[in-house]
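The first residue in the sequence is number 1, and the count goes up from there. Just so you know, ligand 1 is whichever comes first in the structure, and atom 1 is the first atom listed for that ligand.
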Amino acid sequence: MHSLWYCGEYAQPAGAVGVLTVRSPRLIEIDRHDPTTAVHDDLLPGLSACPARVSPKYFYDELGSSLFAAITRLPEYYPTRTEAAIFARHVDDIGTQLAQGLTLVDIGAGNCEKAAALLIPLRVGRYVAVDISVDFLGDSLTRLQLQHPQLPMLGVGTDFSQRLLLPAEVGDGQRLLFYPGSSIGNFTPAQALDFLRQLRDAAQGGVLLIGVDLCKPVAVLEAAYDDPLGVTAAFNRNLLRNLNQLIGSDFFLADWRHVAFFDEAQSRIEMHLEALRPLCVRWPGGERAFAAGERIHTENSYKWRVDDFTALLGEAGFSEIRQWTDERCWFAVFLAQA
Ligand code: AVJ
């Protein structure tokens, strides 16, 4: 079911003195070349639909993952920084709720920076990083392994957007599922409930630590998704580059404008790409005409209220729900028993 594409673990030489032995993180990949199913079942129908839509998972090729890392450093993009501040302030409190030596399973690990700050304070025994972009993940893990030479690490490349399936290699240690950054915000409330249930199953009786972005003034939200430097615009338009690579389409990036706004009724940021002129995009086996001003919906980012998200966790079967937030109540971190 899954192929091993790199395995380079080597043992500590017995009695070695003055030699720093660094483990190599092991990487496995599940269903790597399954793009045909994803492309046929989800990408092409979405591109052809009215209005057109493309899943946000197509942002994250290697360049897209780097652009997202750049977004998290923008002054306007408060979520990453705010969440990190909550962890910095409350990590000891969170740690007292947890056993030692847990397997931290980082869902959507990206550059692994968020988990890196928790490995020591939470006395993690094993680190498993899961991400759709396995090449990016390999680099991130190799760097992290240098800082934690003796911590067992595993990288799992998989597309968990349809279904979260963790391979047996994750091991049978007690699990701490880590789903930070408000990635849950990409899901509609109904999809979020479904995904939380999958997380609960994957936790196998362990715990979930999850970051959730909260409702706040619209101007703050909109600035975070339409920054003056244009990094979010580049991140959004990079999706078209990725599609050109994946399906051989001929999207011309200069024809498309980044659009982001908050929809109060649905409590979500919407991101779109808007055609600047009438045009036709072609790819082997299909084409799609766009009128000037017509949009491709590329992302939703839902903003929650603490009470509503607590209720959602309960509905998904979690218990003993605890939560920490920042002074402005812009972001919340929840800990719950699976
Ligand atoms: C990774 C889904 C949490 O919704 O804030 C950032 C993605 N999109 N800027 C978010 C994103 C535009 C991000 N998540």
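Contact check for Met153 versus His148: side-chain heavy atoms found under the 4.5 Å cut-off.
Taken from CG in Leu104 to CD in Gln174, the straight-line distance is 13.0 Å, to the nearest 0.5 Å.
Nearest protein neighbour of atom 4 (O) of ligand 1, counting heavy atoms only, is Ser301 OG, 2.7 Å.
Close approach of ligand 1 to Gly181 is summarised as follows: ligand atoms under 4.0 Å from at least one heavy atom of the residue are 3 (C). Against a heavy-atom cut-off of under 4.0 Å, Phe235 is close to the following atoms of ligand 1: 8 (N), 12 (C). Every atom of ligand 1 with a heavy atom of Asn186 under 4.0 Å away is listed here by number and element: 2 (C). With ligand atoms numbered from 1 in the order given, ligand 1 contributes 3 (C) to contacts under 4.0 Å with heavy atoms of Ser182.
For atom 13 (C) of ligand 1, the nearest non-hydrogen atom from the set Phe59, Tyr77, Tyr78 belongs to Tyr77.
Ionic pairing of Glu270 and Arg295 is not present here: no N-O contact between side-chain nitrogen and carboxylate oxygen is shorter than 4.0 angstrom.
At a heavy-atom distance under 4.0 Å, no atom of Tyr302 approaches ligand 1.
Side-chain contact, Asp42 with Tyr58: a donor N or O sits under 3.5 Å from an acceptor N or O.
Of the N or O atoms in Glu299, one or more lie within a sub-3.5 Å distance of an N or O in ligand 1. In terms of polar-atom proximity, Tyr60 is not counted as a contact of ligand 1, lacking any N or O under 3.5 Å from an N or O of the ligand. Distances between N or O atoms of Ser183 and those of ligand 1 include no value under 3.5 Å.
In this structure, Arg81 fails the cation-pi test against Tyr77, since its NZ or CZ atom is not both closer than 6.0 Å to the six-membered ring centre and inside 45 degrees of the ring normal.
A distance-only check finds no donor-acceptor pair linking the side chain of Asp227 to the backbone of Glu76 [under 3.5 Å]. Checked by atom type and distance alone, the side chain of Glu299 never pairs as donor or acceptor with a backbone atom of Ser55 at under 3.5 Å.
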